[in-house]
Amino acid sequence: MPAQPQSVTLAFPDGATRTYPCPVTGHDVAAAISPGLAKAALAVRLDGGLRDLTRPITADGAIEIVTGKDANPEVLELIRHDAAHALAEAAKELYPDVQVTIGPAIEDGFYYDFARDEPFTPADLEAMEARMREIVARDEPITREVWERDDAVRYFDSIGEHYKAEIIRDLPDDEEITIYRQGGFVDLCRGPHLPSTGKLGTAFKLTRLAGAYWRGDSRNAMLQRVYGTAWRNRKELDAHLHRLEEAARRDHRRLGREMTLFHFQEEAAGAVFWHAGGATLYRTVRTYMRRRLEAADYQEVQTPELVDRTLWERSGHWEKFREHMFVAETEDSGGSTLALKPMNCPGHVQIYKQGLKSYRDLPLRMAEFGCCHRYEPSGALHGLMRLRALTQDDAHIFCTEDQITAETGSFIRLLRLVYRDFGFEDVLVKFADRPEVRAGDDAVWDRAEAALLGAVEETGLAVEHNPGEGAFYGPKLEFVLADAIGRSWQCGTLQVDFVLPERLDALYTATDGERRRPVMLHRAILGSFERFIGILIEHYAGNLPLWLAPRQVVVATITSDADGYAREVHAALEAAGLRAELDRRNEKIGYKVREHSLAKVPVLLVVGRREAEQRQVAVRRLGDSARPVLALGECVSALAAEAQPPDTTGGTDTPMN
RNA sequence: GCCGACGUAGCUCAGACGGUAGAGCAACGCAUUCGUAAUGCGUGGGUCGGGGGUUCAAGUCCCUCCGUCGGCACCA
């Protein structure tokens, strides 16, 4: 240990420096400035890193006093981490038989994993939250100690905290073992922490109970995880709870029922029953994608859904994914086993292989909207977002290695255009490169990775690097879009594949007459149609733009005197290609407005005696109480123009250049 | 698949201690012709997720299977 200096000189964010006798703590520094600051202080930032307020400072450096008013996300992390400790202390007090394990801060809150034979109940959750509030009221000092590794292991084993002892045993040798003590609770923790439990405040709430595997491994014991949320103050907590309600209000499963788009039932778990409205939405999205792909020089194909297992054996799927495949037999199949396709690519290679291909045929872009079945674990199913029967906007590009960059570039341009058409502007790209276990030469990987990265960089999109996360058969790009309330959804993907053309023996004749292997690019923009429609519903909270809405316009009458005219209006709308309905029921107009508003119909044309006489319509847009009166012809042509899919409006968008 | 909660009318939900199912909305019928988010009156509707058990008696207690929800794990 170097000798401790007599004094330390600390530089403040405003540029001022002060010298203190050594050792000095963050608390001392704050107190020397003002008692108010000492009270508000939660931690210090010393040379950029957050540090306990009570920890001695023994060297010169740059210091900043961190308070609850600090907008820095680190403050929230500190609060959440302390909330997790308070939860653990509460749990130990209430249930002495629990073992504590880990309790980190996470997005919006924190959790703590406990080991205990008896399951926690919702009542236990309330009891723990109440005890946490007591612990905050006690304002217990939180102190830091450095222990010898062996002492720490022995101590935690002796008090029955075997998980903690295991964590310490597995810490790297050079890691300092620090222990935090608050009240009667002693925990291994890297820190930093607040100076006392009172500083945590009361803007927290325990939210739910869940199971979680020890160390995230399904072979390990299942622990009980308690989730909570914690914020700087009541206002932030309320805002967060409000955001949760908003997300629940947008839930596509609920909106799907309210808008009669689709339903699920037990006999077909993980598969969708699309009702007329949902099927219309689906068809609109699919027709749009067909036009976009056709314009981008893709050829659409269709391959069998039920295929003999020998093909899956050759493609390698049988070996790797057999337990996730649905198999089928018939009375007469004589021992042969068929399987529902989990993906389209092996079928596409079969089409590619019909006849000899030359370099002149490449790149060959083969698209299919084929229904795939995957036996997903029961716990994974989630509305439209995770299904057992799904349809991707799938395509495979057979090309030469030299063409990867150009193909990737034009794919990304197409993808951005599509996302923009659906109302998504923010796109993040994740670049996953070679994993440890992989097929193919390093030289080929070098070229493929460089090609992908180069193509992405040209587009100027934000890139996140995921080292080692590529598929065993090649590197990949994943495209993540952000929805209206800031949630991220990974939809698009582009994967380079060196392996499948080899396994299924795809070839082309090169310029020199030699037979070569093409590279396959597996790519999708929406991901699955089902899931993307779920995302659209949540993004728009059910208020779909006119071109996507299953029912675009409802004509509603006020009195039966207007019935004849209303029929004319309805016919004019349909003639203009709009999806329109006529509501002549003997109900008050307020009732009709409410009903169609709840069903999220974007445009309501109200006609009464006045409109019939003037040949006009009163236009009511969803969510807007204004109701301008327009001439019939003018209104129909304006709506017809607005309802045009964005790719058909004659813009300058051409994805290929 | 694992942990926990849940499954009652089309939907949202009530149904202490086991004693043979109830409301609102919706649906249907009748009346009402009405000017922008619920017109009134009336009627019908449930083998309480499936199966098994305990009991004189099960929506209620036990076992089991299925499904849903929230996580975890998984996601070619």
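Proteins get letters first, then strands, A, B, ... in listed order; numbering begins at 1 in each.
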TODO: Could you tell me which nucleotide pairs with rU36(B) by Watson-Crick or G-U wobble geometry, both distances under 3.5 Å, or answer none if nothing does?
DONE: none
Open item on the list: Under a 3.5 Å cut-off for both contacts, is rG1(B) paired Watson-Crick or G-U wobble with anything, and if yes, with which nucleotide?
Closed with: rC72(B)
Task: Separation of the C1' atoms in rC11(B) and rU68(B), to the nearest angstrom - done: 16 Å
Task: Out of rA76(B), rG35(B), rA73(B), whichever nucleotide has its closest atom nearest the side chain of A618(A) - done: rG35(B)
Task: 5′-ward residue of the pair E587(A)/R257(A) relative to RNA chain B - done: R257(A)
Task: C1' spacing across the pair rG4(B) / rA16(B), given as an integer number of angstrom - done: 25 Å
Task: Exceeds 12 heavy-atom contacts within 6.0 angstrom, atom CZ of R487(A) - done: yes
TODO: Measure from the side-chain heavy atoms of R374(A) and tell me the nearest of rC2(B), rU36(B), rC75(B).
DONE: rC75(B)
Open item on the list: Aromatic contact between F120(A) and Y95(A), with the criterion being ring centroids under 6.0 Å apart: yes or no?
Closed with: yes
Open item on the list: Partner lookup for rG29(B), please. Criteria are Watson-Crick or G-U wobble with both distances under 3.5 angstrom; report none if nothing qualifies.
Closed with: rC41(B)
TODO: Using only heavy-atom distances, decide whether a donor-acceptor pair under 3.5 angstrom links the side-chain of R215(A) to the base of rC72(B).
DONE: no
Task: Proximal nucleotide (of rU36(B), rC72(B), rA38(B)) relative to the R627(A) side chain - done: rU36(B)
Open item on the list: Can you identify which nucleotide, out of rU36(B), rC3(B), rG4(B), has its nearest atom closest to the V593(A) side chain?
Closed with: rU36(B)
Task: Donor on one side chain, acceptor on other, Q350(A) and T303(A), under 3.5 Å - done: no
TODO: Describe the nucleic acid contact of F264(A) in one word from base, sugar-phosphate, nothing, applying a heavy-atom distance below 4.0 Å.
DONE: nothing
Open item on the list: Check the orientation of H396(A) and H348(A). Use parallel for under 30°, tilted for 30 to 60°, and perpendicular for over 60°.
Closed with: perpendicular
